[in-house]
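Down below is the structure, laid out as structure tokens.
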Amino acid sequence: MMEQKDVTEQEQETVDEVEVKQEESTETTEEVIEEVEVGTNNQDEITKLQQEKDELYERLLRLQAEFDNFKKRSVKEREAERKYKAMDLASELLPAIDNFERALQVEETEANKGLLEGISMVYRQLLDGLKSQGVEVIEAVGKEFDPNVHQAVMQVEDENAESNVVVEELQKGYMIKDRVIRPAMVKVNK
């Protein structure tokens with residue numbers, strides 16, 4: 001009987017060991033399942049964070065491009081502003097220059113000689129000042145008619161001149177750099 005008791009105790013110990021191992025195995029399985037669930041949750045979070053990072057990076061790139069374009073546009077605007085800064089002033093001075101030209105066409109006499117010299121000096125100073133700012137007179141007489149810089153107010157038939165050529169300038173035209181301030185008023189040969 002003793003033997004049977006020993007066998008039964010051994011069996012009981014073996015059964016207890018199996019139960020303990022089963023419990024440990026169940027706990028380990030539950031831990032693995034929890035780790036897999038946590039890993040899946042982490043993977044979802046990682047994917048979500050990666051997408052968010054990509055979106056923010058794209059937004060940053062767009063903002064940088066917009067800022068670079070803004071800087072380039074600002075530089076161009078400043079350059080154009082500097083380049084054509086005298087345009088408004090020249091536009092305002094052109095009628096006065098026209099009046100000086102008319103005054104200089106008066107017949108010179110002994111009485112008005114000094115006055116005409118003074119008008120001539122002021123006229124030259126105005127033209128020199130405008131020239132220093134890039135304002136130039138548009139050449140017209142003898143040149144082919146260009147609607148970009150000439151304004152035809154009359155057409156004449158002159159056998160001595162070629163067709164579509166300016167034969168007379170009625171009012172001078174001016175331009176600054178590559179922009180026309182005022183086109184030249186001209187007579188054009190048919």
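The chain is numbered in sequence order, starting from 1.
- Tested against V75 for a side chain to side chain contact (heavy atoms under 4.5 Å, CB included), the candidates K71, E77, R78 yield a single pass: R78.
- The hydrophobic clustering, which links ILVMFWY residues whose side-chain heavy atoms are closer than 4.5 Å, places M154 and F145 apart.
- In the hydrophobic clustering of this structure, L93 groups with F100; members are Ile, Leu, Val, Met, Phe, Trp, Tyr whose side-chain heavy atoms approach within less than 4.5 Å, directly or through other members.
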Show every donor-acceptor pair shorter than 3.5 Å between a side-chain atom in residues 118-140 and any protein atom, with sequence neighbours excluded, or say none if there are none.
{"residue": "S120", "atom": "OG", "partner": "R124", "partner atom": "NH1", "Å": "2.7"}
{"residue": "Y123", "atom": "OH", "partner": "E101", "partner atom": "OE2", "Å": "2.7"}
{"residue": "S132", "atom": "OG", "partner": "G129", "partner atom": "O", "Å": "2.7"}

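- Hydrophobic clustering, with ILVMFWY side chains joined whenever heavy atoms are under 4.5 angstrom apart, keeps M175 apart from I97.
- The hydrophobic clustering, which links ILVMFWY residues whose side-chain heavy atoms are closer than 4.5 Å, places L89 and L94 together.
- Under 3.5 Å, the side chains of T109 and N112 contain a donor-acceptor pair of N or O atoms.
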Distance-only donor-acceptor hits, side chain of residues 179-190, under 3.5 Å, sequence neighbours excluded:
{"residue": "R182", "atom": "NE", "partner": "K172", "partner atom": "O", "Å": "3.1"}
{"residue": "R182", "atom": "NH1", "partner": "D98", "partner atom": "OD2", "Å": "2.7"}
{"residue": "R182", "atom": "NH2", "partner": "D98", "partner atom": "OD1", "Å": "3.0"}
{"residue": "R182", "atom": "NH2", "partner": "D98", "partner atom": "OD2", "Å": "3.3"}
{"residue": "R182", "atom": "NH2", "partner": "K172", "partner atom": "O", "Å": "2.8"}
{"residue": "K187", "atom": "NZ", "partner": "E168", "partner atom": "OE1", "Å": "3.1"}
{"residue": "N189", "atom": "OD1", "partner": "D158", "partner atom": "N", "Å": "2.7"}
{"residue": "N189", "atom": "ND2", "partner": "D158", "partner atom": "O", "Å": "3.0"}
{"residue": "N189", "atom": "ND2", "partner": "A161", "partner atom": "O", "Å": "2.8"}
{"residue": "N189", "atom": "ND2", "partner": "E162", "partner atom": "O", "Å": "3.0"}

Would you list the atom pairs, donor with acceptor, under 3.5 Å between side chains in residues 54-69 and any protein atom, with sequence neighbours excluded?
{"residue": "D54", "atom": "OD1", "partner": "Q50", "partner atom": "NE2", "Å": "3.2"}
{"residue": "N69", "atom": "ND2", "partner": "A65", "partner atom": "O", "Å": "3.4"}

